[in-house]
Participant: 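Just passing along the structure, written as structure tokens.
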Amino acid sequence: MIRKYRFGKPLETDAVVDKILAEVGNPPYLNTEENKAFTYRMDSDTAIYGLGQQVRGINKRGWLYASNCEDDPVHREDRHSLYAAHNFLVVDGKELFGVFLDYPTVLEFDLGYTDKDEIRIVPKDWNLDVYIIEGKNINDIVKQFRKMIGRSYIPPKWAFGYSQSRWSYMNEDEIREVVRNHRERGIPLDNIYMDIDYMDRYIDFTLSDERFPNFPDFVREMKAQNVHLVPIIDAGVKIEEGNEVYEEGVKNGYFCKTENGENFVGAVWPGLVHFPDFLNPVARDWFGHQYKFLLDQGIEGFWNDMNEPSIFYTQGHFEEVLDTISQLKGKELVQCDKDRLCDLVKNLSNNQEDYQMFYHNFNGEGEMIRHDRVHNLFGYNMTRGAGEAFEKLEPDKRILLISRSSYIGMHRYAGIWQGDNLSWWSHILLNIKMMPSLNMCGILYTGANIGGFGSDTTEDLLMRWMEFGIFTPLMWNHACIDTRYQEPYRFNDIEGFKNIMGIRYGLLPYLYSEYMKAVLRSEMMFRPLAFDYPDDSVAAQVEDQLMLGDGLMLAPVYQQNAKGRSVYLPERMMLVTMRSMTDYDTRIVEKGYHFIPAELNEVIFFIRENHVIPMSKGGCCVADVDFCNLDLLGYVTDQAVYELYDDDGNEKDYENPDHMIVINVTAEGEIIQEGTKKVFSIFK
Ligand code: MIG
């Protein structure tokens with residue numbers, strides 16, 4: 001049951017697709033302090049789940065969070081926001097309910113920070129829609145919410161393959177070399193992400209002639225080896241005569257405006273830029289159609305970056321800072337002057353005041369809305385523009401699309417990556433914790449930069465991270481410029497990497513099937529134990545294990561030098577310890593806490609009793625994987641039923657019943673299949 005309450009005159013965000021009539025009065029559960037806040041008193045056992053891309057735990061209680069899309073590459077736990085605004089929470093205590101605040105402005109969630117027993121949600125103004133969702137359990141509440149916001153994005157099947165990148169592979173030969181190093185050693189690979197240096201001086205929809213002189217040929221050459229190239233697109237358009245996108249945008253008034261109606265100027269990678277007004281549907285559509293430049297050269301996937309938007313500086317603000325600094329000339333600096341000086345320079349980037357300097361022709365209605373009121377919709381609408389254009393330009397094809405910034409609603413058009421994490425062990429854990437909260441918000445195609453983006457990785461960090469990354473839909477190793485190279489073949493145990501990454505391809509039939517079912521049924525692929533075992537008070541406190549799809553439980557190792565870890569089993573399960581698709585052991589482990597050994601080159605996971613997992617023999621790329629001749633791995637004492645979804649990975653007739661087969665397995669190992677597709681299965 002979903003109820004909607006409207007306050008003031010909210011701006012239409014298109015986050016919600018179902019038409020729900022607003023009720024009169026104030027929302028239940030929450031205490032409404034008119035024009036100020038919504039509050040809620042918690043008892044000591046109340047847990048809070050949600051907020052999508054955020055720092056800290058699966059249970060979000062005990063911190064001050066903000067929805068304020070922000071580009072800051074240091075994801076420390078004292079941050080209040082990351083790149084996204086996902087205003088959906090489930091409160092699970094003496095009462096159980098979900099709340100979604102559809103509100104595009106900065107929003108504060110004080111979840112037991114000021115007063116440890118109080119939730120206090122503070123919007124900047126009083127124009128918003130509040131939805132209250134009731135259900136029989138958490139999974140049910142999430143499902144209703146997900147139905148209301150519409151079906152999640154579905155990438156092509158090859159996007160579930162391994163993606164390798166670095167800021168930046170500088171030219172064709174460097175990419176060839178990376179591909180060769182994978183292929184020669186049998187390390188799986190499907191995609192190479194191309195960072196900003198493929199462009200001519202960071203100008204969107206250009207190619208560097210010098211570095212990528214024969215791009216369509218190069219794209220073909222890579223495709224012949226089953227490698228997809230995935231170029232980056234940045235939000236800012238370089239101001240330069242001759243840059244057609246710039247000239248067209250100026251001519252047609254497609255850029256964000258200052259108060260005086262001039263085109264707003266910011267500085268990002270290309271130098272001075274204008275920002276397309278993605279909140280104006282005409283401009284959004286226009287920018288989306290620019291991707292045709294690359295689609296026409298054979299490209300089938302993109303990543304949208306810098307779309308919070310990130311602003312290095314604005315000219316006016318820069319001059320001000322220079323003036324202030326020049327006044328210090330010849331003076332003796334005391335510590336506080338020095339600190340002020342550093343802050344001045346640091347605050348040039350992504351300055352909140354700069355977000356008050358430009359305006360949008362919001363929803364094309366002519367009324368200019370100041371950016372800070374709609375800040376959290378910018379990246380969402382850049383990505384929506386691309387997604388909508390792909391529907392027109394390539395109606396029969398699935399195009400890979402991920403975005404850095406997002407708002408609920410964007411999940412219908414693309415996935416996200418988890419931004420500029422660091423090569424920190426704690427960021428494996430952050431990656432684990434973010435998966436279910438993103439799934440709650442409809443974002444299923446996601447993953448973090450495996451190995452860590454900033455700072456230098458180590459072989460064991462990359463390997464442990466990979467052992468979790470093989471399960472995330474987006475499996476992407478990406479590193480920052482000037483950091484240690486972290487392609488798997490740079491390290492000693494290449495065989496180990498090859499085998500672990502091979503497990504991903506072995507598990508693909510399961511992972512793809514679970515992804516698709518989660519999308520089509522509005523369910524979560526990754527769930528906290530608390531969601532599936534609501535009566536188990538220990539399970540509710542486990543934050544480093546996840547349920548994955550129908551029958552798996554993950555318990556990744558995320559500590560350096562650990563040779564295993566403690567795992568809580570909410571019921572009896574089968575432990576699988578895998579070194580490769582052909583080298584693994586299984587054993588039954590009883591309910592309760594156990595120390596489970598796991599050497600550096602071993603992946604551990606668990607299969608629930610009376611569940612089976614379909615597995616392929618693996619492959620070096622998705623196209624190599626045989627999705628028809630599958631093995632079933634599982635633990636059946638009575639009967640297991642598995643619903644296997646599969647399709648060709650490009651077509652869009654997702655609802656076709658032929659894509660689903662039902663497999664029944666008895667305790668004796670007898671297999672009964674329903675459905676039109678033939679799958680040959682061996683029970684192990
Ligand atoms: O200011 O394009 O998150 O993945 O490598 C940094 C360079 C801009 C941020 C992205 C990162 C990418 C980097 N970009």
Side-chain angles (χ1 to χ4, degrees), residues 1-41 48 50-52 65-69 84-91 95-111 118-135 141-150 279-281 359-378 380-381 384 406-412 440-442 522:
M1 165 85 172
I2 305 187
R3 284 183 271 175
K4 173 178 175 180
Y5 301 85
R6 171 155 284 192
F7 296 92
K9 276 199 187 145
L11 295 167
E12 182 51 69
T13 68
D14 293 331
V16 171
V17 293
D18 279 354
K19 283 272 162 287
I20 297 174
L21 287 180
E23 301 195 13
V24 195
N26 290 330
Y29 303 104
L30 304 175
N31 173 37
T32 305
E33 292 175 22
E34 199 72 33
N35 288 314
K36 258 167 69 195
F38 300 97
T39 61
Y40 181 78
R41 289 306 295 177
I48 310 167
L51 290 187
Y65 302 89
S67 283
N68 183 16
C69 300
H86 300 146
N87 306 331
F88 174 52
L89 292 174
V90 172
V91 179
E95 297 168 309
L96 173 68
F97 63 96
V99 50
F100 171 54
L101 299 105
D102 191 5
Y103 182 66
T105 316
V106 173
L107 178 60
E108 239 178 50
F109 293 89
D110 182 337
L111 305 183
E118 187 175 74
I119 295 179
R120 197 173 177 82
I121 304 173
V122 190
K124 279 261 184 265
D125 60 36
W126 210 242
N127 298 301
L128 73 166
D129 284 330
V130 179
Y131 296 81
I132 298 290
I133 305 148
E134 293 171 305
I141 290 174
V142 173
K143 187 166 176 150
Q144 292 183 56
F145 173 66
R146 291 270 307 282
K147 275 195 178 144
M148 175 176 89
I149 59 173
L279 305 188
N280 171 3
Y359 292 77
H360 300 275
N361 179 1
F362 188 74
N363 286 348
E365 285 156 7
E367 192 194 343
M368 297 307 277
I369 303 274
R370 203 169 81 178
H371 176 79
D372 54 335
R373 268 197 76 190
V374 287
H375 175 68
N376 290 335
L377 301 179
F378 193 80
Y380 157 25
N381 280 284
R384 174 186 180 181
S406 62
Y407 183 86
I408 289 172
M410 202 201 78
H411 70 287
R412 298 192 298 271
M440 286 175 74
C441 299
S522 302

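All of these numbers come straight from a predicted model, not from anything done at the bench.
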Participant: For the pair Lys124 and Asp372, find out whether any cationic side-chain nitrogen is under 4.0 Å from an anionic carboxylate oxygen.
Facilitator: no
Participant: Which value, rounded to the nearest 0.5 Å, describes the distance between Thr105 atom OG1 and Leu128 atom CG?
Facilitator: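 Separation between the atoms: 9.0 Å.
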Participant: Can you name the closest pair of heavy atoms from Pro104 and Tyr407 and give their distance?
Facilitator: N-OH, 4.0 Å
Participant: Are Tyr131 and Phe100 near enough that their ring centres are under 6.0 Å apart?
Facilitator: yes
Participant: Kindly give the heavy-atom pair with the smallest separation between Pro281 and Gly364, and that separation in Å.
Facilitator: CD-N, 3.4 Å
Participant: Might you work through the side-chain contact (heavy atoms from CB on, under 4.5 Å) test for Glu108 and Val106, ending with a clear yes or no?
Facilitator: CA-CA 7 Å; Glu108 239 178 50; Val106 173; over 6 Å; no
Participant: Would you mind reporting whether Lys4 and Val16 have side-chain heavy atoms less than 4.5 Å apart?
Facilitator: no
Participant: Got a donor-acceptor contact below 3.5 angstrom from the Asp125 side chain to the Asn127 backbone?
Facilitator: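 Yes; at least one donor-acceptor contact below 3.5 Å.
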Participant: Run the side-chain contact (heavy atoms from CB on, under 4.5 Å) test on Thr13 and Leu377 for me, step by step, so that the C-alpha distance in whole Å, both residues' side-chain angles and the decisive distance to 0.1 Å come before the verdict.
Facilitator: CA-CA 7 Å; Thr13 68; Leu377 301 179; 4.0 Å; yes
Participant: Enter the distance from Ser522:OG to Ile149:CD1 here, rounded to the nearest 0.5 Å.
Facilitator: 8.0 Å
Participant: Side chains of Val91 and Tyr29: closer than 4.5 Å at any heavy-atom pair?
Facilitator: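 Contact flag for Val91/Tyr29 side chains = no.
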Participant: Working note: Met148 + Gln144, criterion side-chain contact (heavy atoms from CB on, under 4.5 Å); need CA distance, chi angles, decisive distance, verdict.
Facilitator: CA-CA 6 Å; Met148 175 176 89; Gln144 292 183 56; over 6 Å; no
Participant: Are the side chains of Ile132 and Leu30 in touch, meaning some heavy atoms are under 4.5 Å apart?
Facilitator: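 Yes, their side chains come closer than 4.5 Å.
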Participant: Parallel, tilted or perpendicular for Trp126 and Phe38, by the 30°/60° rule?
Facilitator: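 The arrangement is parallel - the two ring planes meet at less than 30°.
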Participant: Taking Glu367 for the side chain and Phe362 for the main chain, is one N or O donor matched with an acceptor at less than 3.5 Å?
Facilitator: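 No, because the side chain of Glu367 does not come within donor-acceptor range (under 3.5 Å) of the backbone of Phe362.
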Participant: Side chains of Arg373 and Tyr359, heavy atoms from C-beta outward: is any pair under 4.5 Å?
Facilitator: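 No; the side chains remain at least 4.5 Å from each other.
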Participant: Rounded to the nearest 0.5 Å, what separation is found between the OG1 atom of Thr32 and the CD1 atom of Ile121?
Facilitator: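 Nearest 0.5 Å value for the OG1-CD1 distance: 10.0 Å.
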Participant: Mind checking the CG-CZ spacing from Asn26 to Phe7? Nearest 0.5 Å is all I need.
Facilitator: 5.0 Å
Participant: For Ala22 versus Arg6, what's the shortest heavy-atom pair and its separation?
Facilitator: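 For Ala22 and Arg6, the tightest heavy-atom pair comes out as CB-CB, 4.0 Å.
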Participant: Within the side chain of Asn361, is there an N or O that forms a donor-acceptor pair under 3.5 Å with the backbone of Met368?
Facilitator: no
Participant: On a heavy-atom basis, which atom in Thr39 and which in Glu33 lie closest, and how many Å separate them?
Facilitator: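 Heavy-atom minimum between the residues: CG2-OE2, 3.5 Å.
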Participant: I'd like to know if the side chain of His86 and the backbone of Gly50 have a donor-acceptor N/O pair within less than 3.5 Å.
Facilitator: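 No.
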Participant: As an exercise, state the distance from CG of Asp129 to CD1 of Ile20, rounded to the nearest 0.5 Å.
Facilitator: 10.0 Å
Participant: Would you say that Asp102 contacts Asn87 through its side chain, given a criterion of any heavy-atom pair below 4.5 Å between the two side chains?
Facilitator: no
Participant: Is the closest basic N to carboxylate O distance between Arg3 and Glu134 below 4.0 Å?
Facilitator: yes
Participant: So do the side chains of Asn68 and His375 get within less than 4.5 Å of each other, counting heavy atoms only?
Facilitator: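 The answer is yes, as the side chains (C-beta and beyond) meet within the 4.5 Å cut-off.
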Participant: Please verify the inter-ring angle class for Phe378 with His360; under 30° counts as parallel, over 60° as perpendicular, anything in between as tilted.
Facilitator: tilted
Participant: So which atom in Ile141 and which in Gly135 form the shortest heavy-atom distance, rounded to 0.1 Å?
Facilitator: CG1-N, 3.5 Å
Participant: CG/Asn376 to CD1/Ile408 distance, rounded to the nearest 0.5 angstrom?
Facilitator: 11.0 Å
Participant: For residues Phe145 and Met440, report the shortest heavy-atom separation together with the two atoms involved.
Facilitator: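 That closest heavy-atom pairing would be CD2-O, 3.6 Å.
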Participant: Taking C-beta and beyond as the side chain, do Ile133 and Phe88 meet within less than 4.5 Å on heavy atoms?
Facilitator: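 The answer is yes; the side chains approach within 4.5 Å.
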Participant: Mind checking whether Pro10 and Tyr103 have side chains closer than 4.5 Å, heavy atoms only?
Facilitator: no
